[in-house]
Amino acid sequence: MKYRKLKGVQDILPPDISVWQFIEEKAGNIFRSYGYREIRLPIMESTDVFTRSIGETSDIVEKEMYTFQDKGNRSITLRPEGTAPFVRAYVENHLYNEPAPQKYYYMGPMFRYERPQANRYRQFYQIGAEAMGIDDPKLDAEIISMLSSILEAIGLKELNFEITSIGCKECRPDYIKALKDFLEDKLIDLCSDCGRRFKTNPLRVLDCKVPGCVKARKGSPPMVDYLCKDCGDHFEQLNNNLKKLNVQHTINPSLVRGLDYYTKTAFEVSSENLGSQSAVAAGGRYDGMVKEFGGPATPGIGFAIGMERIIPLINDSLKTTDGPELLICPLGEEAAEESLIIAEQLRAKGHWVEVNYDNTSIRSQLRKANRIGAKNVIVLGDDELENRKVALKNMTDKTEQIVALASDELLKILKTD
Ligand code: ATP
Ligand code: MG
């Protein structure tokens with residue numbers, strides 16, 4: 001084989017694509033019922049859109065970005081996530097001038113240079129939502145409930161919703177100090193990455209999966225104990241509202257997100273049926289980001305669902321191998337041209353019609369009809385052309401009926417199928 005796909009990317013082909021389309025349709029319908037409108041943003045941005053907002057010392061910026069110089073010597077990055085480009089677009093297009101909350105959703109590919117493994121890819125797809133302009137925790141509850149509705153609508157079960165608050169600029173420094181005090185005499189047990197993180201970004205130590213680090217941080221003080229009054233009240237109201245909306249969730253005080261821009265609410269949804277890469281969706285509030293991007297201070301909250309993480313959880317019965325409603329099998333050149341015209345007329349009425357281009361025997365044409373799952377077949381030979389009558393064969397119940405060779409006659413029968 002001369003060419004092969006790159007490591008960590010996928011070709012998504014039929015019939016698998018029908019599962020993707022099913023998810024996208026369900027999610028789109030639910031988004032619109034909550035007032036979210038679709039946006040489509042570039043997949044590449046100036047590198048600095050990501051570096052400052054996600055955080056210079058985050059794993060994404062330190063190790064995972066696809067960054068390159070373009071021919072004009074600009075530093076360009078393929079988006080590793082959707083929120084930073086969204087906030088860039090929000091500010092650039094002055095979307096903050098519209099009435100709040102402004103709600104948007106997106107679906108598309110993200111790129112991270114990670115070690116490929118089950119459910120972890122270098123090009124992966126996210127479905128995400130962002131709601132801007134409101135800092136009321138009822139909006140946090142609403143968006144988390146929407147996420148839950150989407151995951152439920154596509155049939156996912158045994159999901160864990162974990163929620164926490166990671167505070168704000170006011171209260172987080174006190175917490176970081178307490179965490180550093182706690183970790184100080186455990187530095188020797190931390191991995192080399194965490195040794196570095198202890199200095200540059202100590203919260204990140206809470207996220208490390210290395211067993212030694214997991215053990216060392218046991219008993220560390222929880223952020224939720226250090227929240228200022230505003231963040232504490234916000235978190236309490238969020239929990240109350242989630243209860244009222246019947247969104248089952250647990251509080252996980254050691255949940256930290258891999259992105260620096262989050263404030264207050266942070267959440268993650270994981271599945272018990274996925275093995276080690278178990279996070280199916282994650283999100284949080286980012287109240288300082290719009291200002292940092294040069295817009296007016298505007299709160300925001302969002303989430304992203306990882307498509308490749310939910311696909312394996314979805315019932316295979318959704319993979320449809322549909323075939324055409326009608327396959328026209330012409331015998332000879334004249335019949336082939338007539339077939340082309342009839343097919344066009346039926347397609348104009350919205351039917352899926354194929355013309356067989358193999359000029360072979362009736363037997364092999366019928367074999368092909370079976371292979372492609374055609375629901376009905378007509379064979380068009382000289383006799384049929386002359387008499388303007390044709391036998392329409394129903395491939396499911398094997399019945400045949402003679403009909404006039406005219407699109408409106410065929411249409412009547414296809415309609416009643
Ligand atoms: P993880 O802990 O699995 O690395 P993350 O915290 O880096 O996830 P986010 O940046 O929060 O992920 O992205 C949101 C969702 O996107 C994740 O919950 C996951 O479902 C999905 N996701 C992230 N990275 C990948 C990847 N490399 N391949 C497939 N899906 C991914
Ligand atoms: Mg990650």
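Just so you know, ligand 1 is whichever comes first in the structure, and atom 1 is the first atom listed for that ligand. Heavy atoms only: backbone and side chains are in, while hydrogens, waters and symmetry mates are out.
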Task: With sequence neighbours excluded, residues passing ring-ring contact (aromatic ring centres under 6.0 Å, His included) with Phe235 - done: none

Task: Validation row: Arg217, Leu206 side chains within 4.5 angstrom (heavy atoms) - done: yes

Open item on the list: Both conditions, 6.0 Å and 45 degrees, for the charged tip of Arg122 above the ring of Tyr113: are they met here?
Closed with: yes

Does ligand 1 have any N/O atom under 3.5 Å from a protein N/O, and what are those pairs and their distances?
unit_1: ligand 1; atom_1: 3 (O); unit_2: Arg120; atom_2: NH2; d: 3.2
unit_1: ligand 1; atom_1: 3 (O); unit_2: Arg309; atom_2: NH1; d: 3.0
unit_1: ligand 1; atom_1: 3 (O); unit_2: Arg309; atom_2: NH2; d: 3.2
unit_1: ligand 1; atom_1: 4 (O); unit_2: Arg120; atom_2: NH1; d: 3.0
unit_1: ligand 1; atom_1: 4 (O); unit_2: Arg120; atom_2: NH2; d: 3.1
unit_1: ligand 1; atom_1: 6 (O); unit_2: Arg257; atom_2: NH1; d: 3.4
unit_1: ligand 1; atom_1: 7 (O); unit_2: Arg112; atom_2: NH1; d: 3.0
unit_1: ligand 1; atom_1: 10 (O); unit_2: Arg112; atom_2: NH1; d: 3.2
unit_1: ligand 1; atom_1: 10 (O); unit_2: Arg112; atom_2: NH2; d: 2.7
unit_1: ligand 1; atom_1: 11 (O); unit_2: Arg257; atom_2: NH2; d: 2.2
unit_1: ligand 1; atom_1: 13 (O); unit_2: Gln126; atom_2: NE2; d: 3.1
unit_1: ligand 1; atom_1: 16 (O); unit_2: Gln126; atom_2: NE2; d: 3.0
unit_1: ligand 1; atom_1: 20 (O); unit_2: Ala279; atom_2: O; d: 2.8
unit_1: ligand 1; atom_1: 20 (O); unit_2: Val280; atom_2: O; d: 3.3
unit_1: ligand 1; atom_1: 27 (N); unit_2: Glu114; atom_2: OE2; d: 2.7
unit_1: ligand 1; atom_1: 27 (N); unit_2: Tyr121; atom_2: O; d: 2.8
unit_1: ligand 1; atom_1: 28 (N); unit_2: Tyr121; atom_2: N; d: 3.0

- [ ] Please work out whether the ring planes of Trp20 and Tyr125 are parallel, tilted or perpendicular, with thresholds of 30° and 60°.
- [x] perpendicular

- [ ] Look at the rings of Tyr34 and Tyr36 and say which category their plane angle falls in: under 30° parallel, 30 to 60° tilted, over 60° perpendicular.
- [x] perpendicular

Open item on the list: Heavy-atom count check: over 12 atoms from other residues, nucleotides or ligands less than 6.0 Å from Lys398 NZ?
Closed with: yes

